[in-house]
Amino acid sequence: MAKTSPGQFIREVRQETSKVTWPTRKETIVSTIMVFVMVFLAALFFFFVDQILAFGIGQILGFGS
């Protein structure tokens, strides 16, 4: 692998960065909201699964009486 100078490396990084299609402000906000919604739904799901498993284990081990 050929070594490049730090200046050449910076130029290549800037060149590649200019090719990136950056998201718009609206796309970023919508994506962020969707992430929070999905995290909330996943938290609810795992909460209910945990409650069901805890209840089941409690019944099996006799803690439910």
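This chain uses plain numbering: 1 for the first residue, then up along the sequence. Everything quoted here is computed from the prediction, not taken from an experiment.
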Taking only residues two or more places apart in sequence, or in another chain, which ones meet F9 in a side-chain contact (heavy atoms from CB on, under 4.5 Å)? T4, V13
My understanding is that only residues two or more places apart in sequence, or in another chain, count here; which of them pass salt bridge (charged side-chain N to carboxylate O under 4.0 Å, His left out) with K19? E16
Is L53 isolated, or which residues cluster with it under the ILVMFWY side-chain rule of less than 4.5 Å, directly or via members? F45, F46, V49
Please identify which of these residues, Q8, R14, Q15, meets the side chain to side chain donor-acceptor pair (under 3.5 Å) condition with E12. Q8
Can you give the donor-acceptor pairs under 3.5 Å from side chains of residues 30-43 to other protein atoms, not counting sequence neighbours?
unit_1, atom_1, unit_2, atom_2, d
S31, OG, E27, O, 2.9
T32, OG1, T28, O, 2.7

